[in-house]
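For reference, the structure discussed in these notes is given below.
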Amino acid sequence: MNPLLVALDVDSAARALELADALRGTVGGFKIGSRLFTKEGPALVRRMAEAGDRVFLDLKFHDIPNTVAQAVESAVETGAWMINVHASGGVPMMRAAGDAGRERAAALGLPAPLLIAVTVLTSMDDTVLASVGVQRSILDQVVALAGLTKQAGLDGVVASPLETATIRATCGPDFAIVTPGIRGASAGTSKDDQHRTMAPADAVRAGASFLVVGRPIIGAADPREAALAIGRELAG
Ligand code: C5P
């Protein structure tokens with residue numbers, strides 16, 4: 001499938017649906033994050049899922065296992081295709097999330113959602129990580145959390161493209177790696193607030209399964225053409 005997921009980082013369902021209409025067929029799916037979800041709620045996810053869109057519901061659940069399991073059940077009920085939690089919630093929390101997602105989907109006759117864990121937020125550096133008590137490097141922490149994610153039976157992780165090759169080497173070929181921070185080549189020259197970036201084709205070569213791209217597409221004068229250009233780079 002097309003690995004390109006477009007981050008719908010906009011503030012209204014109307015704009016999100018307009019972008020989805022323009023981009024449908026040129027991308028693999030759409031990411032809805034906490035801003036848009038908090039404004040527009042599950043109705044938007046349901047509407048897009050019913051239109052046949054793959055929706056990555058990026059709400060990064062992090063709570064006690066029982067609460068996360070129930071949140072994942074609610075996410076599955078919207079028809080979301082991919083759902084995420086924080087790996088730092090630990091193996092029992094991730095296992096509860098995975099079990100709940102698979103069981104709720106089976107009960108509803110839906111395909112099992114992809115359950116993904118966030119390793120280390122891309123906004124963190126080694127100093128910020130140390131300030132919350134983690135002394136090892138970002139790379140070591142990401143690889144350790146990816147290992148726990150795999151142990152918990154989840155489908156993959158979110159990580160920066162710079163960590164992708166190491167995760168791919170340690171977690172194997174069947175583990176999904178979702179990478180934001182895509183810039184350069186067909187994804188444009190503006191880095192915005194992204195620091196650890198990689199061009200689309202390089203990220204896929206490094207082992208990324210899915211690329212999350214926001215502003216280079218949704219901020220382009222012609223979003224459809226911007227998505228097609230990334231598709232051409234990936235195909236080449
Ligand atoms: O930068 P871009 O608009 O392509 O962002 C796409 C996604 O990347 C965002 O929805 C966010 O989840 C993530 N992001 C990130 N680190 C940043 C900025 C955005 O991981 N510094």
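In listed order, ligands and their atoms are each counted from 1. Basis for what follows: all heavy atoms, side chains included, without hydrogens, waters or symmetry-related copies.
The single protein non-hydrogen atom nearest to atom 8 (O) of ligand 1 is P180 CB, 3.2 Å, given as residue, atom name and distance. For atom 18 (C) of ligand 1, the nearest protein heavy atom (residue, atom name, distance) is Q194 NE2, 3.3 Å. For atom 11 (C) of ligand 1, the closest non-hydrogen atom on the protein side is K31 NZ, 4.1 Å.
For ligand 1, the polar-atom distance check against R215 finds a nitrogen or oxygen pair separated by under 3.5 Å. For ligand 1, the polar-atom distance check finds an N/O of G214 within less than 3.5 Å of one of the ligand's N/O atoms. Taking distance alone, with nitrogen or oxygen atoms compared against 3.5 Å, D9 approaches ligand 1 more closely than that limit.
Heavy-atom contacts of A7 reach the following atoms of ligand 1: 6 (C), 10 (O) (cutoff under 4.0 Å). The T122 neighbourhood of ligand 1 comprises atoms 15 (C), 16 (N), 17 (C), 20 (O), with distances under 4.0 Å to a heavy atom of that residue. Of all atoms in ligand 1, numbered sequentially from 1 with element shown, those under 4.0 Å from a heavy atom of P216 are 4 (O).
Counting only residues at least two apart or on different chains, the salt bridge (charged side-chain N to carboxylate O under 4.0 Å, His left out) pairs with a member in residues 14-30 are R15-E18, D21-R24, R24-D53.
When side chains are defined from C-beta on, Q151 does not count as touching M94, because their heavy atoms never get closer than 4.5 Å.
One distance of note links CD1 of I116 with CE of M82; it measures 4.5 Å at 0.5 Å rounding. A distance of 8.5 Å separates OG in S12 from CG in L17, rounded to the nearest 0.5 Å.
With a 4.0 Å cut-off on non-hydrogen atoms, R183 touches ligand 1 through its side chain and not its backbone.
Salt bridge status for R46 with E77: absent, with no side-chain N to carboxylate O gap under 4.0 Å. We find that R215 and D9 are not joined by a salt bridge, their nearest charged nitrogen and carboxylate oxygen being 4.0 Å or further apart. For D192 and R183, the salt-bridge test passes: some basic side-chain N is under 4.0 Å from an acidic carboxylate O.
In the candidate list V158, V212, D193, D193 is nearest to atom 21 (N) of ligand 1, counting heavy atoms.
A side-chain donor from one of S209 and R168 sits under 3.5 Å from a side-chain acceptor of the other.
Heavy-atom separations between H195 and ligand 1 are all 4.0 Å or longer.
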